[in-house]
Amino acid sequence: MSAIHPPAERLWWKHPLDRVEGTWIVIAFVWCMVMFFMMVYWHVYGKQNLSTETYKTTPDKFTAKAQAVVDKYTVRTETEQKVPVVAPPEGSDVYLVARLWSWWPILELEKGKTYKLHLTALDYNHGFSLQPSNLNIQVVPGYEHVVKVTPNQSGTFSIVCNEYCGINHHTMVGRIYVK
Ligand code: CUA
């Protein structure tokens, strides 16, 4: 018997395991284990999958809080859709809403200052991926994810959705300015 040709006998489970096949099963299993423990390792040492505090919320509750901050700290609007650019003071709570297919509002933060970023999704699962830094946070509907952020680089950053969320997933981009 070889690992390439199908077994001549139909009762394949009664055949002894071929050495090549067995070797590949072992390799695949070892690799599964490597990948599994890499998830834990990379969470601790990779600095890319952030630990967030997570609370239950509803779209209405979250939107109300986000709207209050937007009303208070909007400095201008951008793009044809008039997306508010929000520049909140140091140490304050900052809200970011993910929904089909946008990140709202645009944030303007200052380098070296700390903010509490709150994230939720109003409809489906979305993925917050900050580019080019490659920071990732899962954004799950019904939950408010809170993460402390202290930008250490100035510039213009993009938020791309990295969780497939439908036909316009690829257009779901947002922006964060760091001054
Ligand atoms: Cu939101 Cu993909």
Asker: In the hydrophobic clustering that connects Ile, Leu, Val, Met, Phe, Trp and Tyr at side-chain heavy-atom distances below 4.5 Å, which members other than Tyr45 occupy its cluster, ordered by chain and number?
Answerer: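 Traced through the cluster, Tyr45 reaches Val26, Val30, Trp31, Val34, Met35, Met38, Tyr41, Trp42, Val44.
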
Asker: Do the side chains of Tyr73 and Pro89 get nearer than 4.5 Å, heavy atoms only?
Answerer: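 They are in contact (side-chain heavy atoms under 4.5 Å apart), so the answer is yes.
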
Asker: Does any part of the side chain of His126, heavy atoms only, come nearer than 4.5 Å to the side chain of Trp103, both counted from C-beta?
Answerer: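 Trp103 vs His126: side chains touch.
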
Asker: How long is the span from the CG atom in Leu119 to the OG1 atom in Thr54, to the nearest 0.5 Å?
Answerer: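 OG1 of Thr54 is found 10.0 Å from CG of Leu119.
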
Asker: Side chains of Val94 and Val149, heavy atoms from C-beta outward: is any pair under 4.5 Å?
Answerer: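 When only atoms from C-beta onward are counted, Val149 and Val94 do not touch, as no gap falls below 4.5 Å.
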
Asker: Quick one: name the residues clustered hydrophobically with Trp24, using the 4.5 Å side-chain heavy-atom rule over I, L, V, M, F, W, Y, and just say none if it's on its own.
Answerer: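 Members other than Trp24 - counting any ILVMFWY side chain reachable under 4.5 Å - are Val20, Ile27.
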
Asker: For the hydrophobic clusters of this structure (ILVMFWY residues joined by side-chain heavy atoms under 4.5 Å, transitively), does one cluster hold both Val160 and Leu100?
Answerer: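 No, because Val160 and Leu100 fall into different hydrophobic clusters, even though each may have its own neighbours under 4.5 Å.
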
Asker: Is Ser102 close to Val97 at the side-chain level, that is, under 4.5 Å between some pair of heavy atoms?
Answerer: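 Not touching, per the 4.5 Å side-chain cut-off.
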
Asker: Does OH in Tyr177 sit with more than 12 non-hydrogen atoms of other residues, nucleotides or ligands closer than 6.0 Å?
Answerer: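 Correct, the count exceeds 12.
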
Asker: Which heavy atom of Thr120 sits nearest a heavy atom of Tyr143, and at what distance?
Answerer: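 Shortest heavy-atom contact: OG1-O, 2.6 Å.
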
Asker: How would you list, by chain and number, every residue that makes a side chain to side chain contact (heavy atoms under 4.5 Å, CB included) with His170, sequence neighbours excluded?
Answerer: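 With neighbours one apart ignored, the set is Asn168.
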
Asker: With side chains defined as the heavy atoms from C-beta onward, is the minimum distance between Leu107 and Leu117 less than 4.5 Å?
Answerer: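 A side-chain contact exists here, since the closest heavy-atom pair is under 4.5 Å.
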
Asker: For Gln153 and Val178, which heavy atoms make the closest approach, and how far apart are they?
Answerer: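 Shortest heavy-atom contact: O-CG1, 3.1 Å.
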
Asker: Return the NZ to OG1 distance between Lys82 and Thr74, rounded to the nearest 0.5 Å.
Answerer: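 Answer rounded to 0.5 Å: 13.5 Å.
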
Asker: Apart from Leu17 itself, what residues make up its hydrophobic cluster when side-chain heavy atoms of I, L, V, M, F, W and Y under 4.5 Å apart count as a link, directly or indirectly?
Answerer: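 Via sub-4.5 Å side-chain contacts, Leu17 links to Ile25.
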
Asker: Is the shortest side-chain heavy-atom distance between Val69 and Val86 below 4.5 Å?
Answerer: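 Result yes, sub-4.5 Å side-chain heavy-atom pair found.
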
Asker: Taking C-beta and beyond as the side chain, do His145 and Val140 meet within less than 4.5 Å on heavy atoms?
Answerer: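 His145 reaches Val140 side chain to side chain.
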
Asker: Grab the two heavy atoms, one from Lys111 and one from Ser154, that are nearest each other, plus how far apart they are.
Answerer: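 Here Lys111 and Ser154 meet closest at CD-N, 3.9 Å.
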
Asker: Under the 4.5 Å side-chain heavy-atom rule for ILVMFWY, direct or indirect, which residues accompany Met39?
Answerer: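 Phe29, Met33, Phe36, Phe37, all in the cluster of Met39.
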
Asker: With sequence neighbours left out, write down each residue that passes salt bridge (charged side-chain N to carboxylate O under 4.0 Å, His left out) with Lys61, or none if nothing qualifies.
Answerer: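 Lys61 satisfies salt bridge (charged side-chain N to carboxylate O under 4.0 Å, His left out) with no other residue.
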
Asker: Nearest heavy-atom pair of Val139 and Ala121: which atoms, and what distance?
Answerer: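 Nearest heavy atoms, Val139 then Ala121: CG1-N, 3.5 Å.
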
Asker: With sequence neighbours left out, write down each residue that passes side chain to side chain donor-acceptor pair (under 3.5 Å) with Lys113, or none if nothing qualifies.
Answerer: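 With neighbours one apart ignored, the set is Glu110.
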
Asker: What distance do Met172 atom CE and Phe128 atom CZ have between them, rounded to the nearest 0.5 Å?
Answerer: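 Met172 CE to Phe128 CZ: 11.0 Å, rounded to 0.5 Å.
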
Asker: Could you state whether Leu109 and Val75 fall into the same hydrophobic cluster, counting links through intermediate Ile, Leu, Val, Met, Phe, Trp or Tyr residues with side-chain heavy atoms under 4.5 angstrom apart?
Answerer: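 Yes, it is one cluster - the side chains of Leu109 and Val75 are joined through contacts under 4.5 Å.
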
Asker: Under the rule for side chain to side chain donor-acceptor pair (under 3.5 Å), what residues qualify as partners of Tyr55, not counting sequence neighbours?
Answerer: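 Result, side chain to side chain donor-acceptor pair (under 3.5 Å) vs Tyr55: Glu53.
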
Asker: According to the side-chain hydrogen bond (donor to acceptor under 3.5 Å, both in side chains) rule, which pairs have a member within residues 89-101, sequence neighbours left out?
Answerer: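 Matches after skipping sequence neighbours: Asp93-His118.
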
Asker: Not counting sequence neighbours, which residues clear side chain to side chain donor-acceptor pair (under 3.5 Å) with Ser129? List them please.
Answerer: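 Only Gln131, Asn136 meet the side chain to side chain donor-acceptor pair (under 3.5 Å) criterion with Ser129.
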
Asker: Just grab all the salt bridge (Lys or Arg N to Asp or Glu O under 4.0 Å) pairs involving residues 121-136, residues at least two apart or on different chains.
Answerer: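 Non-adjacent pairs meeting salt bridge (Lys or Arg N to Asp or Glu O under 4.0 Å): zero.
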
Asker: Tell me every residue that passes side chain to side chain donor-acceptor pair (under 3.5 Å) with Glu108, counting only those two or more places apart in sequence or in another chain.
Answerer: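 Applying side chain to side chain donor-acceptor pair (under 3.5 Å) to Glu108 gives Arg76.
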
Asker: Do Leu96 and Pro105 come close enough that some side-chain heavy atom pair is under 4.5 Å?
Answerer: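 Sidechains of Pro105 and Leu96: in contact.
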
Asker: Going from NZ on Lys148 to OG1 on Thr52, what distance comes out if it is rounded to the nearest 0.5 angstrom?
Answerer: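 Going from NZ on Lys148 over to OG1 on Thr52, the span is 14.0 Å.
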
